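To start, the structure under review is shown below, and the notes come after it.
Since the model is a prediction, treat every value here as computed from it, not as a measurement. Note that ligands are numbered from 1 as they come in the structure, with each ligand's atoms numbered from 1 the same way. One-based numbering along the sequence shown.
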Amino acid sequence: MPALSRIPLEAVEEVGGGCLRLVCAPASIVAPVPGQFYMVRGPWEADPLLPRPFSVARFRTVEGQQVQLEFLLRIIGRGTRLLGTAQVGIELDVLGPLGIGFDDPPGDSAWLVAGGIGIAPFPALTDAIATPGRSLSLLLGARTKTEIPGFEDFEANLTGGVEIATDDGSAGFAGTVVELLASRLDESENVRPSQVYVCGPHAMMEAAAAVCAGAGIPCSVSLEAPMGCGMGTCRGCVIRTHEDTNFTVCTEGPVTDASFIWSAKSA
Ligand SMILES: Cc1cc2nc3c(=O)[nH]c(=O)nc-3n(C[C@H](O)[C@H](O)[C@H](O)COP(=O)(O)OP(=O)(O)OC[C@H]3O[C@@H](n4cnc5c(N)ncnc54)[C@H](O)[C@@H]3O)c2cc1C
Ligand code: FES
């Protein structure tokens with residue numbers, strides 16, 4: 001059951017690539033499932049009026065019962081700027097946990113494909129699904145080297161390794177992260193992952209879903225859409241599926257199997 005909590009901001013840290021980590025103070029709240037999100041707002045006046053959605057990047061239980069939330073964000077507009085430049089100690093209104101999170105992978109190998117700040121839900125996901133004998137790999141894309149978000153704090157979970165792709169070739173694979181995914185799937189015909197998780201811009205997820213569909217690998221995506229309420233009321237986040245039905249991202253997602261949104265043919 002989502003709840004609205006007022007939680008002090010404990011730290012704001014730079015994590016590389018122009019991204020920031022917001023650490024909330026421990027609070028008596030329900031622990032989320034990785035992939036779920038929160039609607040977050042600071043103590044500012046009416047502009048912006050609405051809270052903004054953020055995936056839980058990490059959470060930990062403190063002193064046996066309190067839960068400490070972390071968010072990763074990139075400054076895009078006014079709401080993210082206010083949060084990213086907020087003073088430690090201010091109180092955030094945090095509504096959640098909301099939506100549907102990630103499922104465990106069906107097998108012993110999963111690939112995580114992130115476009116830029118799309119990396120946000122993956123620390124928590126890997127904390128939950130990293131088990132002895134399971135290989136987790138991160139494919140991380142950015143436009144250029146200076147936009148690559150840091151991943152060092154959860155690298156220990158990434159037993160299958162990390163590969164970087166940059167559109168301009170300034171670091172790692174020269175090309176998009178979806179091209180990197182396609183290339184690695186081609187090369188690894190006999191050791192393919194049992195599940196691919198994707199988070200990033202909509203077009204990037206659609207392209208990654210098409211690659212996974214072509215390879216016959218289950219693909220789980222964390223969708224983005226403009227959100228007003230986060231709870232299925234305002235209809236601001238509704239997108240159309242390939243079956244011409246409505247999909248309410250905040251309540252039916254944000255995490256879903258890519259095949260619900262894009263057909264294998266169009267994806
Ligand atoms: C379920 C969910 C989880 C999310 N998790 C995270 C997260 O963990 N970290 C994070 O940084 N962001 C996350 N986002 C995106 C984040 O909510 C938006 O970046 C934020 O709402 C933008 O608010 P703003 O006031 O800064 O920008 P606005 O003033 O609302 O928008 C400024 C401009 O940027 C455009 N814009 C808005 N959002 C995006 C976007 N995502 N990408 C590119 N352009 C955009 C708008 O169209 C507008 O032109 C998530 C979104 C959803 C739906
Ligand atoms: S954000 Fe309001 S219905 Fe989804």
Per-atom filter on ligand 2: closer than 4.0 angstrom to a heavy atom of G228 are 1 (S)
Within 4.0 Å of some non-hydrogen atom of R74, the atoms of ligand 1 are 11 (O)
So that I can tick it off, tell me whether R6 and D93 are bridged by a salt bridge, with the cut-off set at under 4.0 angstrom between side-chain N and carboxylate O. yes
message: Using a 3.5 Å cut-off on N or O atoms only, is T80 in polar contact with ligand 1?
response: yes
Within 4.0 Å of some non-hydrogen atom of C237, the atoms of ligand 2 are 1 (S), 3 (S), 4 (Fe)
Measuring from the heavy atoms of F54, does anything fall under 4.0 Å of ligand 1? yes
Distance col, row D153:CG vs R21:CZ, nearest 0.5 angstrom, shows 4.5 Å
Strictly less than 4.0 Å: does any protein heavy-atom distance to atom 48 (C) of ligand 1 fall in that range?
no
Original post:
Can you say whether the rings of Y38 and F71 are parallel (under 30°), tilted (30 to 60°) or perpendicular (over 60°)?
Top reply: perpendicular
Closest to atom 3 (S) of ligand 2 among protein heavy atoms sits R235 N, 3.1 Å
Heavy-atom proximity to atom 39 (C) of ligand 1, picking from I75, I76, L22, V56, points to I76
N/O/S atom of C234 inside 2.8 Å of atom 4 (Fe) of ligand 2, strictly under: no
Rounded to the nearest 0.5 angstrom, the CD-CG distance for E179 and D167 is 8.0 Å
Note to self: Is it the case that the ring center of Y197 lies less than 6.0 angstrom away from the ring center of F102?
What the structure shows: yes
Atom 5 (N) of ligand 1 sits nearest the protein heavy atom S55 N, 3.0 Å
For T233, the atoms of ligand 2 under 4.0 Å from one of its heavy atoms are 3 (S)
Original post:
Hey, does the side chain of S194 reach the backbone of S109 with a donor-acceptor pair shorter than 3.5 angstrom?
Top reply: yes
I'd like to check whether G77 has a polar contact with ligand 1, where a contact means an N/O of the residue lying under 3.5 Å from an N/O of the ligand.
yes
If we ignore hydrogens and angles and just use 3.5 Å, is the side chain of T248 paired with the main-chain N or O of E252 as donor and acceptor? no
request  = Using modelled atom types only, decide if a donor and an acceptor are shared between the side chain of H202 and the backbone of A225 within a distance under 3.5 Å.
outcome  = no
Distance col, row T256:OG1 vs I100:CD1, nearest 0.5 angstrom, shows 9.0 Å
CG of L69 to SG of C24, rounded to nearest 0.5 Å, is 5.0 Å
Evaluate whether atom CZ of F260 has more than 12 neighbouring non-hydrogen atoms of other residues, nucleotides or ligands under 6.0 angstrom away. no
Per-atom filter on ligand 2: closer than 4.0 angstrom to a heavy atom of M227 are 1 (S)
Rounded to the nearest 0.5 angstrom, the CD1-CG distance for I217 and L185 is 4.5 Å
Check: Do any of the N, O or S atoms of C229 sit under 2.8 Å from atom 4 (Fe) of ligand 2?
Finding: no
Ranking G253, G232, P254, G230 by closest non-hydrogen atom to atom 1 (S) of ligand 2, top hit is G230
Output for pair (Q195 CD, L112 CG), nearest 0.5 Å, gives 9.5 Å
One finds that the ligand 1 atoms under 4.0 Å from a non-hydrogen atom of A120 are 7 (C), 8 (O)
Ligand 1 to I117, heavy atom cutoff 4.0 Å, flagged ligand atoms 9 (N), 10 (C), 11 (O)
Ligand 1 atoms nearer than 4.0 angstrom to some heavy atom of A225 are 53 (C)
The atoms of ligand 2 lying under 4.0 Å from a heavy atom of C250, numbered in the order shown, are 1 (S), 3 (S), 4 (Fe)
Under-4.0 Å protein heavy-atom contact, atom 18 (C) of ligand 1:
no
Any donor-acceptor pair under 3.5 Å linking the side chain of R143 with the backbone of T146? no
Within 4.0 Å of some non-hydrogen atom of R52, the atoms of ligand 1 are 21 (O), 23 (O), 24 (P), 25 (O), 30 (O)
If we number the atoms of ligand 1 from 1 as shown, the ones under 4.0 Å from a heavy atom of L73 are 9 (N), 10 (C), 11 (O)
Q. Would a 4.5 Å heavy-atom cut-off, applied to side chains only, mark L181 and F173 as touching?
A. no
In terms of its nearest heavy atom to atom 10 (C) of ligand 1, the top option of L223, L72, L50 is L72
Q | Polar atom proximity, P53 to ligand 1 (N or O, under 3.5 Å) | A | yes
Among non-hydrogen protein atoms, atom 41 (N) of ligand 1 lies closest to E224 OE1, 2.6 Å
